[in-house]
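Single-structure report; data block below.
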Amino acid sequence: MFRFIMFQYSIILLFLIVGGCVCNGVAVDHDDQVVVSCLESDREALLDFKNGLEDPDRNPGLSSWKGSNCCRWWGISCENGTGAVTHVDLHNPHPQTSEYLEFQDYTIFPDYADEGFDFSNRYGFWKLSGEIRPSLTNLKSLAYLDLSFNSFNGISIPDFFGSLQKLQYLNLSNAGFSGSIPRHLGNLSSLRYLDLSSNHFNSKIPDWLVNLTSLTTIDISSSGLQGRIPLGLSDLPNLQFLRLGSNILTASSSQLLTGRWEKIQILDLGFNRIQGKLPASIGNMTSLVYLDLLGNDVQGGIPSSIGKLCNLKFFRISDSNLTGTLPESLEESKNCVSKSPLSSLRFLDLSNNRLSGSLPEWLGQLQNLFKLKLSDNLLYGPIPDSLYLLQKLRELDLGGNRLNGTLPKGLGQLSELSYLDVNSNYLTGVVTQTHFLKHTKLGYLDISSNSLTLDIASNWVPPFQILVLDMSSCYFGSSFPTWLKSQKKTRILALSNSSISGSIPDWFWENSPSLGYLNFSFNQLEGKLPSSFNLSDTYAIVDFSYNLFEGSIPLPVGDINSLDLSNNKFSGSIPENISDSFPNLSFLSLARNQMEGEIPTSIGKLPSLLVIDLSSNNLTGTIPASIGNCSDLKALDLSKNGLSGNIPRTLGQLSNLQTLHLSENQLSGSIPSSFRNLSRLETLDLKSNRLIGRIPHWIGEGFEHLRILGLRSNGFFGELTSNTLSNLSSLQVLDLAKNHLNGAIPASFGDFKGMNQVQNRVQYLLYGKFDDGMYYEENMVVNMKGQSLPYTKTLSLVISLDLSGNNLTGELPAELTKLLGLVVLNLSGNHISGRIPVDISKLGQLLSLDLSSNKLFGPIPESLSTLSFLQYLNLSNNRFSGMIPYTGHMTTFEASSFAGNPRLCGHPLIVTCQGDGHDEDDGSNKVLVSDSKDNLIDKWFYLSVGLGFAAGLLVPFLLMAVRKTWSEGYFGLVDKVAETTSLLRHKRAKHMRSSGHRHRS
């Protein structure tokens, strides 16, 4: 992180040791007079070393290696008096990193940054490679070797480097070395500076490092190191700079961060696997200037002893697991010049942890603080008014917490503030011009996702020229903010969900060329947008969704990357020249408008498209085959239109497609066999079309990611075989309702792995570029509780199996009770027979169970009463018998849930079971009786029928016994009556079946 700063510091030390300086490779004294020539043996060694190097770009430095005096050569420095080569500096000149510039700007190391060294001659473009020859060992006085930022193509660091006994500075960073770090480097007892960073070692930290007691600097960051950090490093008596960041190193923070680091100034351990709590003994590391533990697993809270770190300027423990609260107060040290704890601190970053509690008042005492970042924690309470005392503060980031109260007006006094972010909190109250009174340098302002109200005069001219402005979910009132007229440099503007109504004024479009991100979504803006308006020419994002705009689709001028005009009143046709206007378009949504006409074939000329959403319009015609050319497409939604014709086979070319919605159109034909190539599909929704044929057997093969399969309301027929769908291991929603499927439900349906576990974590099903706001949110209509319910954000929790409205037969498979995550089970409107499995109580997540209009029989299992989540139950129109188990959760359902089962009795039906009332219940519950007031009538009815039946048998018997001819005539009449009765009964049954089918439809 501070490679060049450390280099400056090391140069100072080495100049004091070596006693010379280098200027364009010539050894000079302080009067710029040449004093020595190099040793002949050193010159020969350097030439041999050069011959082993490959220099395809003709390094202008190495081209100067001519003549007898090698002390004049580029990158070479010699010792005064002897002419022995002491420095070989063949690094690839490389500009300072932006990270270095950031920290130099924050004056983290003002003592070193002001030394006045000019490193501009280091900048260049060549890279050396080839062989590093052992002739370097002939340079007996070599103290400085720098081969950094070259490309040695994965060779190992030569073992003979360990023979360079006088070497004090070794920099091999960013040079393409690999393998292991040679143990021979442990022989360099004079080594003070070691930089092996950004190579590919994939080894542990060498044990010999703890023996090099002269080391002041160790940098092996970003090098693939693994294993534990040796605690012995803290015993190196001269160690000041240690950088081991971006490796896979483990350590206990409570053991590592102790007072044994006597001289340590820079400790960079970011992006490793350091665990444990920060010990109170961290306060004994009094020389510490820079501590970075970014991206580790540091736990617990921040100890109050950090107040004793008088010299600390940079403190970062972000993206970790810190918990607890910030200390209410800080410990003080008698050795500190300033009585105020952490008075030197410039940079404090504890973001993206789980810190809770309120912000302590001592934050307002950090009067040298430049950057304060506490975002994405669980902090609550008000923002301290004392923060206005931080007059040097340039960046304040408190977003993503639970802070409440108002935004302090004192923040408007921070004249150096350039970055202010308090988004996604619970702030309330009014924001006025006073909040920005002295913000002349403010370039980034995000106060979105709070409950703030803007009360700013219409003629206000802000003191700043804002670059990034996000005031989404703030209340602006009805009028468009006129103070934006003065902002000429804004690149990102987000005023989403801000209650702005009316039209966008013409002057706004005059300022638009600087905009690269424009979001006015979720307002009540109306009128027509300009047919074209200018935006920034680099990947602009436009979001006007959820407004009341009308007219034709506008075509912004610029390199538009995302265009979202959904949920408005736009009409007309999609422009045919859309591909010419937006050649780099990645996201296109015109959903839920009033668009008409056909989808232009030119849409297939947008190869960068990730999302196409044209759903819920009035589009007609066929699906253009050219969409198959959009090879990067992840989401395609053409549902709820009037599209017809066959599904193009070319859609099978979309190998990156994850979600496909073509439902509620008039598509015909069969599912194209080319769809078997869509192996990344997670959603396939073809509901409510005119598709026919058998469900392809290949759907059950190669779709390991498929979560949602919707084929409802089509013309699919045939049996559901055991291998058709059962291999879909990720399936959570299967909707095959209202087709012509027959046969039995395969027992293998109980093997759906995605349905046999409880889903209790919301997983956002988004497709596209989520970080850029260019994403498609998955949605699905699920038939639940007797109605169609749309799901979006909680769709990942829904597990549904719907086979209703088919011609399925056979028994209800007991294997379905293995689907422990089922939320919806609908098998109604089939011909399923048998009993309800007793183990149905295992389906503890069921919210909706519909088994109506089948041929199920037997008693209703008492175990149903244990389904405590069940909100909808329909067992009507079956052949169930016995007493309804009206206990527990079953008492919440009405009689309609059990209607149409003549042999059912008990509550909530009006039909009682035998043993009710004054009779004793024998527990059989097999005989049904009516209400008590009808009992007497029913008894006389049955008695008269019995007497009539006896008389009807006795009289004919006596007559037939007298004469045979009478007997023959009687039985002939009985046969005719029986034949007629059978015919009438058959016609009546046929009529009832026809009526029942119409009723279910």
Side-chain angles (χ1 to χ4, degrees), residues 6-53 55 59-93 115-122 124 126 128 132-150 158 160-172 175 188-195 214 216-217:
M6 291 187 286
F7 176 77
Q8 295 171 354
Y9 179 72
S10 302
I11 285 291
I12 300 171
L13 294 176
L14 290 169
F15 281 169
L16 294 175
I17 295 170
V18 177
C21 67
V22 179
C23 183
N24 295 325
V26 179
V28 298
D29 63 9
H30 295 292
D31 296 322
D32 296 334
Q33 298 294 320
V34 176
V35 292
V36 294
S37 295
C38 73
L39 298 177
E40 179 62 21
S41 59
D42 286 0
R43 189 180 73 87
E44 293 177 357
L46 288 173
L47 289 175
D48 183 68
F49 169 66
K50 175 188 175 182
N51 290 334
L53 299 175
D55 185 19
N59 187 312
L62 288 181
S63 65
S64 71
W65 284 25
K66 298 176 182 179
S68 60
N69 189 359
C70 60
C71 295
R72 295 177 179 268
W73 294 353
W74 186 91
I76 304 300
S77 174
C78 298
E79 188 179 45
N80 283 339
T82 65
V85 172
T86 58
H87 284 58
V88 175
D89 185 357
L90 297 182
H91 72 280
N92 171 35
E115 291 294 336
F117 287 99
D118 180 11
F119 290 90
S120 58
N121 65 330
R122 296 174 61 90
W126 57 85
L128 299 176
I132 301 177
R133 292 188 174 179
S135 54
L136 275 179
T137 59
N138 294 330
L139 303 176
K140 303 300 183 181
S141 298
L142 189 64
Y144 185 105
L145 178 60
D146 189 347
L147 300 178
S148 61
F149 291 96
N150 283 293
F160 63 77
F161 276 11
S163 301
L164 303 173
Q165 292 296 320
K166 293 188 177 181
L167 201 63
Q168 298 181 37
Y169 182 101
L170 178 60
N171 190 346
L172 304 178
L188 302 178
S189 58
S190 299
L191 198 64
R192 300 173 65 89
Y193 183 102
L194 176 64
D195 190 349
S214 297
T216 62
T217 299

Legend entry - From L172 atom CG to L194 atom CG, the distance as rounded to the nearest 0.5 Å: 7.5 Å
Legend entry - Residues in side chain to side chain contact (heavy atoms under 4.5 Å, CB included) contact with Q165, at least two apart in sequence or another chain: N187
Legend entry - Residue pair L128 / L147, side-chain heavy-atom distance below 4.5 Å: no
Legend entry - Crowding at NZ, K166 (>12 non-hydrogen neighbours, <6.0 Å): no
Legend entry - Residue list, side chain to side chain contact (heavy atoms under 4.5 Å, CB included) with S163, at least two apart or on another chain: T137
Inset, instruction - For a side-chain contact (heavy atoms from CB on, under 4.5 Å) with Y144, tell me which candidate from L170, T86, D89 qualifies. - result: D89
Legend entry - Taking every non-hydrogen atom, the tightest pair across W74 and S64: N-OG, 3.1 Å
Inset, instruction - Find the distance between CH2 (W65) and CG (L46) and round it off to the nearest 0.5 Å. - result: 5.0 Å
Inset, instruction - Kindly write out the residues that satisfy side chain to side chain contact (heavy atoms under 4.5 Å, CB included) with L39, not counting sequence neighbours, or none if the list is empty. - result: S41, D42, A84
Legend entry - Spatial distance of atom CG (L142) from atom OG (S77) [nearest 0.5 Å]: 10.5 Å
Legend entry - C78/C70 sulfur gamma separation below 2.5 Å: no
Inset, instruction - Write down the atom of N69, the atom of S37, and the distance for their closest heavy-atom approach. - result: OD1-CA, 3.3 Å
Inset, instruction - With P134 as reference, evaluate F49, F160, F161 under the side-chain contact (heavy atoms from CB on, under 4.5 Å) test and give the passing residue. - result: F160
Inset, instruction - Please work out which of the three classes, parallel, tilted or perpendicular, describes the rings of Y169 and Y193, given edges at 30° and 60°. - result: parallel
Legend entry - Euclidean distance, T216 OG1 relative to Q168 CD, rounded to 0.5 Å: 9.5 Å
Inset, instruction - State, with a plain yes or no, whether a side-chain heavy atom of L53 is found less than 4.5 Å away from one of L90. - result: yes
Inset, instruction - Report yes if the side chains of N171 and L145 come closer than 4.5 Å at any heavy-atom pair, otherwise no. - result: no
Legend entry - side chain to side chain contact (heavy atoms under 4.5 Å, CB included) between R133 and N51, intermediate numbers included: CA-CA 9 Å; R133 292 188 174 179; N51 290 334; 3.8 Å; yes
